[in-house]
Amino acid sequence: MKLAVVSTLLAGAAAFAPSASNRASTSLAATRAVKKSPAPSTGKKNISFNTAENDTGLIGALPPVGFFDPAGFAAKASPEELQRYREVEIMHGRFAQLGAVGMILPEKYAAEGAFGDDFLAPTGTALEVFNTDPLWVGLTLGVISILETLRLLETEPGTRTNAGIIENGLYSDPGPEKLAEYSLKELQNGRLAMLAFAGQVTQELVNQTPLLENLSS
């Protein structure tokens, strides 16, 4: 008897419930109403590279970046200013290459205890040298400043990146084509080193951890 009553109640409730098939068809209809046809493909990639012409006569315009001048310095500069910009870029790249190596080697020696336990203490990072050996840092920067001043006084604009290595017989003359290739490689390596050195300093300022330790962890 109870089963019959329950069945009757369920049947009555089901009579007032919305149909499941109606919900499905309504949902499908709504989906079809808002569905749009895919846009025709243009064949263009989401990433576009710099295709600006390099009319400066300077090397260094390589794919995918091309002639990298986002601030428009080259467009606003005179030929003399442009030549100076390139000289400064090359010199900064040379210093950055030395600086990148100069960050790693002292940290390696400090980890091995080559100069005592207090060398680059307590963090073991190269930036600790400003705290542990400020006198040597000052002397090093002073010597570099003197040498750079002498270089500027003894050279003329347009020749200040020439270290006289070939002229003094320290390296055999590779010829114009090979020399141009070496110059391009130096420029690109210097650009990479400037980014690397900035990343090294930023990383050590953030987590106070030696570079090699960060790479191994």
Side-chain angles (χ1 to χ4, degrees), residues 59-60 62 65 68-71 73 83-174 178-179 181-217:
I59 62 173
L62 298 176
V65 178
F68 187 72
D69 184 32
F73 288 130
Q83 184 65 35
R84 180 179 176 275
Y85 291 161
R86 174 49 56 87
E87 287 184 335
V88 171
E89 181 184 22
I90 292 175
M91 294 307 301
H92 285 174
R94 290 174 180 176
F95 278 115
Q97 291 176 76
L98 294 174
V101 177
M103 291 281 289
I104 296 175
L105 289 183
E107 293 182 356
K108 179 178 182 298
Y109 292 142
E112 297 172 351
F115 298 105
D117 295 336
D118 59 341
F119 179 64
L120 300 184
T123 62
T125 62
L127 296 182
E128 283 289 354
V129 72
F130 289 94
N131 299 323
T132 59
D133 298 286
L135 178 60
W136 285 107
V137 173
L139 290 175
T140 302
L141 294 178
V143 171
I144 293 175
S145 300
I146 293 173
L147 293 177
E148 280 297 285
T149 302
L150 293 175
R151 181 179 68 87
L152 293 176
L153 293 175
E154 294 177 356
T155 56
E156 297 293 334
T159 64
R160 286 175 173 162
T161 58
N162 184 7
I165 295 177
I166 297 177
E167 290 82 352
N168 294 324
L170 301 177
Y171 193 86
S172 59
D173 191 350
K178 204 66 176 177
L179 185 60
E181 179 185 345
Y182 291 160
S183 300
L184 181 60
K185 289 180 178 179
E186 180 190 28
L187 179 64
Q188 295 298 95
N189 288 338
R191 289 172 173 174
L192 179 61
M194 286 188 277
L195 294 174
F197 183 73
Q200 289 174 328
V201 173
T202 303
Q203 176 181 294
E204 294 200 349
L205 288 174
V206 170
N207 62 3
Q208 290 83 42
T209 305
L211 298 170
L212 294 178
E213 185 176 333
N214 271 301
L215 290 174
S216 60
S217 62

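Owing to the predicted nature of the structure, the values given are computational and were not obtained by experimental measurement. Start at 1 with the first residue, then count along the sequence.
- The closest side-chain heavy-atom distance from T161 to R86 is not below 4.5 Å.
- A heavy-atom distance below 4.5 Å is not found between the side chains of F115 and P106.
- Considering every non-hydrogen atom in both G124 and P210, the closest pair reads O-CG, 3.6 Å.
- Salt bridge annotation for E181-K178: present, with a cationic side-chain nitrogen under 4.0 angstrom from a carboxylate oxygen.
- Between the CD atom of Q97 and the NE2 atom of H92 there is a distance of 13.5 Å, given to the nearest 0.5 Å.
- Within a 6.0 Å sphere centred on CD of E167, heavy atoms belonging to other residues, nucleotides or ligands number more than 12.
- Across A110 and F119, no two heavy atoms sit closer than the pair CB-CD2, 3.6 Å.
- Side-chain atoms of Q188 and R191 include a donor-acceptor pair closer than 3.5 Å.
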Begin with the C-alpha distance, continue with both residues' side-chain angles, and end with the deciding distance and a verdict on side-chain contact (heavy atoms from CB on, under 4.5 Å) for I146 and L150. CA-CA 6 Å; I146 293 173; L150 293 175; 4.2 Å; yes
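- Residue D173 places its CG atom among more than 12 non-hydrogen atoms of other residues, nucleotides or ligands, all under 6.0 Å distant.
- What you find for P157 and E87 is that their closest heavy atoms are C-OE2, 3.8 Å.
- Closest approach of A126 to M103, counting heavy atoms only: CB-O, 3.7 Å.
- Put simply, the side chain of Q200 does not reach to within 4.5 Å of the side chain of E107, judged on heavy atoms.
- Atoms CD and CZ, on E89 and F73 in that order, are 11.5 Å from each other to the nearest 0.5 Å.
- L120 places none of its side-chain heavy atoms less than 4.5 Å from the side chain of T125.
- Inspection of the N189 and E186 side chains reveals no N or O donor paired with an N or O acceptor under 3.5 Å.
- Note that the CG atom of N131 and the OG1 atom of T123 stand 8.5 Å from one another [nearest 0.5 Å].
- Of all heavy-atom pairs between A100 and F197, the closest is N-CD1, 3.8 Å.
- Heavy-atom neighbours of R84 CZ from other residues, nucleotides or ligands within 6.0 Å: at or below the threshold of 12.
- Of all non-hydrogen atoms in T209 and E204, the two that sit nearest each other are O-CG, 3.9 Å.
- Distance CD1/I165 to OG/S172: 11.5 Å, rounded to 0.5 Å.
- With a 4.5 Å cut-off on side-chain heavy atoms, D118 and T132 do not count as touching.
- In this structure the side chain of T140 reaches within 4.5 angstrom of the side chain of I144, judged on heavy atoms.
- A donor-acceptor pair under 3.5 Å links the side-chain atoms of R151 to the main chain of R160, judged by distance alone.
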